[in-house]
Structures are given as structure tokens and as C-alpha cells.
Amino acid sequence: MPELPEVETVVRQLRPLVCGKTVRSLRILDELLGKLAVNRVRGAVVAGVERWGKEVVMPLERRTKTDPWLWLAIHLRMTGRLLWRAGARPAVDLHRPWLRARLVLDGGNVDFVDPRRFGVIRLVDDPVLLQPPGVDPTGEAFSTGLLRRLLGGSRQELKPWLLRQDRITGLGNIYASEILARARLHPCRLAGSLDQSETRRLHRAVVTILRRAIRHCGTTFSDFQDTSGETGAFQRFLAVYGHEGDPCGRCSTTVERIVQQGRSTYFCPACQPAGSGRSA
DNA sequence: GGGTACCTGAAA
DNA sequence: TTTCAGGTACCC
């Protein structure tokens with residue numbers, strides 16, 4: 001599930017639960033995750049829970065004179081989740097559907113559950129290795145001017161361009177469609193073809209959609225306390241994503257679905273006219 | 001740049 | 001049975 005707002009939600013919910021707690025162990029249960037130096041985390045203290053792009057990053061402080069910092073990074077990819085299970089002795093009982101890894105802390109577990117097994121865990125000494133290449137669209141640095149420079153000259157279609165993590169980090173397939181619907185821009189427009197006012201609309205849509213999605217805890221998400229249900233509520237506000245064949249909320253024209261680079265794009269052909277600068 | 005692969009489950 | 005899925009790495 002996770003795009004930027006969902007990962008932000010995970011991080012905010014996890015932070016007060018795990019910060020300051022001591023790591024007992026990191027259990028890797030799926031060989032697809034590869035070999036990690038899990039012994040190095042034992043006894044470290046969780047110093048934070050951060051979102052770096054779409055990745056959950058936990059700085060771990062060790063009681064060693066040399067190399068006191070370790071960085072645990074978890075990318076949820078398509079179906080990964082981090083579920084908190086409070087409890088005193090939860091290292092046993094590894095039976096949980098799709099459980100791939102478990103961070104055992106004093107007072108509870110962080111369970112990495114991931115049916116499709118695309119998720120990735122990294123453990124590194126140097127946080128530079130985790131630095132996302134693109135700009136964070138929720139940060140101060142993301143301005144209309146910066147967006148204009150990033151778009152400059154690109155001959156890629158807008159919607160695939162929005163998915164590029166080396167330009168803007170954090171957008172995914174749902175919010176890319178939602179952002180273009182709000183900005184009233186056709187997904188097949190060439191990224192480099194936007195004029196100043198269109199660029200401003202796109203910038204505002206990125207900021208607004210992400211802010212609203214974060215406020216509503218993202219689109220569908222599992223609870224950390226009890227394993228049931230979804231706390232995310234943003235799906236109620238989706239204007240176009242998943243709404244092929246439904247009337248557009250603004251003009252009642254039928255919402256369409258097209259495929260770009262093998263992925264679904266939803267848009268309203270009336271509110272988001274092709275206009276000039278559309279790819280051939 | 002764009003297709004394809006990775007993997008599994010749910011829904012059509 | 002086939003298609004689709006919130007992501008990204010790797011191929012030409």
C-alpha cells in the first residue's frame with residue numbers, strides 16, 4: 001500500500017511506540033531478505049523512526065566506542081506492513097501470516113508482514129547510502145520554482161514522470177492520478193510542456209493532496225495496536241483512482257482508465273483535456 | 001525512455 | 001482461468 005502518506009502514517013504511529021526501547025534481536029524469517037548482520041543490533045537503542053522517501057528508517061545507537069550508529073531501513077514496496085505487537089516475551093510464536101521479519105524490543109515487537117515479498121530490509125553504517133535522490137514534496141525545499149526546473153525539458157509523459165523517485169520522492173500510482181486530477185492536467189501531457197500557470201497548479205496539487213492524505217492517515221491501512229481493520233480514510237476522498245466508469249465529481253463526465261508503462265492511470269477526459277504538449 | 005520480471009493473493 | 005495490484009530493478 002505504501003506511498004508517501006502511508007509511510008508517513010506508519011512512521012508517526014510507530015515512533016512513540018519504539019523510540020528509546022532497546023533491541024533484543026532482529027529475526028529474519030524469509031531468505032529472500034538476504035543475509036543481514038543481525039547480531040550487530042542486539043542491545044542498541046532505537047533513537048528514532050523517520051520517513052526517508054518511501055522508506056522507514058530507524059537510527060540505532062549502540063554502546064560501542066567505534067561505530068556507535070547503525071541504520072535500519074525498511075522499504076514496504078507493494079504489500080509490506082509494520083505491525084506493532086505489545087508484550088513482554090513475544091520473541092517466540094513466529095506464526096503470523098506472511099511474517100518475514102521481526103524486530104524484538106523490550107516491551108514489544110515490530111512485525112514486518114509482506115504477502116508479496118517485494119519489501120526490502122537494509123542495515124547500514126552510513127546513512128548516505130539511504131539518502132533518496134529526489135526532493136521530498138512535503139519539505140520546505142519543494143517550491144514551484146524547483147518543480148519547474150525539475151520538469152524542464154522532459155519529454156516523458158506527466159504521470160510516469162510523477163512516479164520518478166529521482167525527481168520527486170514519495171509519489172506512487174494512486175496519488176499521481178489524484179494529483180493530476182486536482183491540477184486538471186492530462187496524464188499524457190509531456191512533463192516539459194507545462195507553462196507557468198500549469199506548473200503552479202501541479203505544485204499546489206502535489207502539496208494539497210499529500211497534506212490531505214497524511215491528515216487522513218493515507219489510503220487504507222492496518223492498525224498497529226490490533227491487527228484488524230484499516231485506519232486509513234483517504235480512499236473516501238479519491239476523485240479518480242479506481243473510479244473507471246464512474247461520473248466525475250466535478251463535471252459528471254465518465255472517468256477513464258488508461259495504461260501507461262504498464263500501470264493504470266485514471267482521469268477525467270473533460271476536466272483534464274489533452275490540450276497542447278500532449279505526446280503523440 | 002519503455003517493457004518485463006520479481007511474488008502472492010484477491011477478484012473478475 | 002485470467003487479470004490486476006499501493007514498487008522498483010534490470011533489460012534493450
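Side chains included, hydrogens not; waters and symmetry mates left out as well; all remaining heavy atoms used. First the proteins, then the strands, lettered A, B, ... as listed; each starts at 1.
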Could A/Arg15 and A/Glu50 be called an ion pair, given the rule that one side-chain N must be under 4.0 Å from one carboxylate O? no

Tell me the stems DNA chain B sits in, counting at least three consecutive Watson-Crick or G-U wobble pairs, each under 3.5 Å on both distances. B:1-6 with C:7-12, B:8-12 with C:1-5

To the nearest 0.5 Å, what is the distance between CZ (A/Arg189) and CD (A/Gln156)? 15.0 Å

Output a table of nitrogen or oxygen pairs between the protein and nucleotides 3-5 of chain B separated by less than 3.5 Å.
none

Hey, could you give me the CD/CZ distance between A/Gln196 and A/Arg201, rounded to the nearest 0.5 Å? 12.5 Å

Check whether any side-chain N or O of A/Arg263 sits under 4.0 Å from OP1 or OP2 of C/dG7, and answer yes or no. yes

Nearest-Å distance for atom pair CG/P, residues A/Leu162 and C/dG7: 12 Å

Rounded to the nearest 0.5 Å, how far apart are CG of A/Asp195 and CZ of A/Arg200? 9.0 Å

A/Leu190 CG to B/dG1 C1': how many Å, rounded? 12 Å

What is the distance from CG of A/Leu76 to P of C/dT8, rounded to the nearest Å? 11 Å

Taken in chain and number order and not counting sequence neighbours, the residues that satisfy salt bridge (charged side-chain N to carboxylate O under 4.0 Å, His left out) with A/Arg62 are none

Distance, rounded to the nearest Å, where A/Met78 contributes CE and C/dT3 contributes C1': 13 Å

Salt bridge (charged side-chain N to carboxylate O under 4.0 Å, His left out) partners for A/Arg164, two or more places apart: A/Asp166

Among B/dT8, B/dG2, C/dG7, which nucleotide has an atom closest to any side-chain atom of A/Gln156? B/dG2

Please give me every residue in residues 117-132 of chain A whose heavy atoms get under 4.0 Å of an atom in DNA chain B, ordered by residue number. A/Arg117, A/Phe118

Length of the line joining A/Arg116:CZ and B/dC7:C1', which is rounded to integer Å: 6 Å

Are A/Arg96 and A/Asp111 within salt-bridge range, i.e. N to O under 4.0 Å? yes

So which heavy atom on A/Pro115 is nearest to which on A/Thr79, and how close? CD-O, 3.4 Å

By side chain to side chain donor-acceptor pair (under 3.5 Å) - contacts of A/Asn173 (at least two apart): A/Lys159

Scan A/Arg257 against the nucleic acid and name what it touches under 4.0 Å (heavy atoms): base, sugar-phosphate only, or nothing. sugar-phosphate

Set out, line by line, the N/O atom pairs under 3.5 Å between protein and nucleotides 9-12 of chain C.
none

With a cut-off of less than 4.0 Å, is there a side-chain N or O of A/His75 near OP1 or OP2 of C/dG7? no

Which other residues belong to the hydrophobic cluster containing A/Trp69, where Ile, Leu, Val, Met, Phe, Trp and Tyr are joined when side-chain heavy atoms lie under 4.5 Å apart, directly or via other members? A/Trp52, A/Val57, A/Trp71, A/Val124, A/Leu129, A/Leu130

Ring centroids only, cut at 6.0 angstrom: are A/Phe267 and A/His186 within range, meaning strictly under it? yes

Nucleotide C/dA5, atom P - distance to OH of A/Tyr266 in whole Å: 5 Å

Over how many whole Å does the gap from A/Gln235 atom CD to C/dA5 atom C1' extend? 15 Å

Any residue meeting side chain to side chain donor-acceptor pair (under 3.5 Å) with A/His203, in chain and number order, not counting sequence neighbours: A/Thr144

Please tell me if A/Trp161 has a side-chain N or O lying less than 4.0 Å from either OP1 or OP2 of B/dG1. no

Check this one for me: any side-chain N or O of A/Ser264 less than 4.0 Å away from OP1 or OP2 of C/dA5? yes

N/O donor-acceptor pairs under 3.5 Å from side chains in residues 31-41 of chain A, not counting sequence neighbours:
residue	atom	partner	partner atom	Å
A/Arg40	NH1	A/Asp125	OD1	3.4
A/Arg40	NH1	A/Asp125	OD2	3.3
A/Arg40	NH2	A/Asp125	OD1	2.8

To the nearest Å, give me how far apart CD (A/Glu157) and C1' (B/dG2) are. 11 Å

If the P atom of B/dG9 is compared with that of C/dT8, how far apart are they to the nearest Å? 22 Å

Sequence neighbours excluded, which residues qualify as salt bridge (charged side-chain N to carboxylate O under 4.0 Å, His left out) partners of A/Glu256? none

With sequence neighbours excluded, residues passing salt bridge (charged side-chain N to carboxylate O under 4.0 Å, His left out) with A/Arg148: none

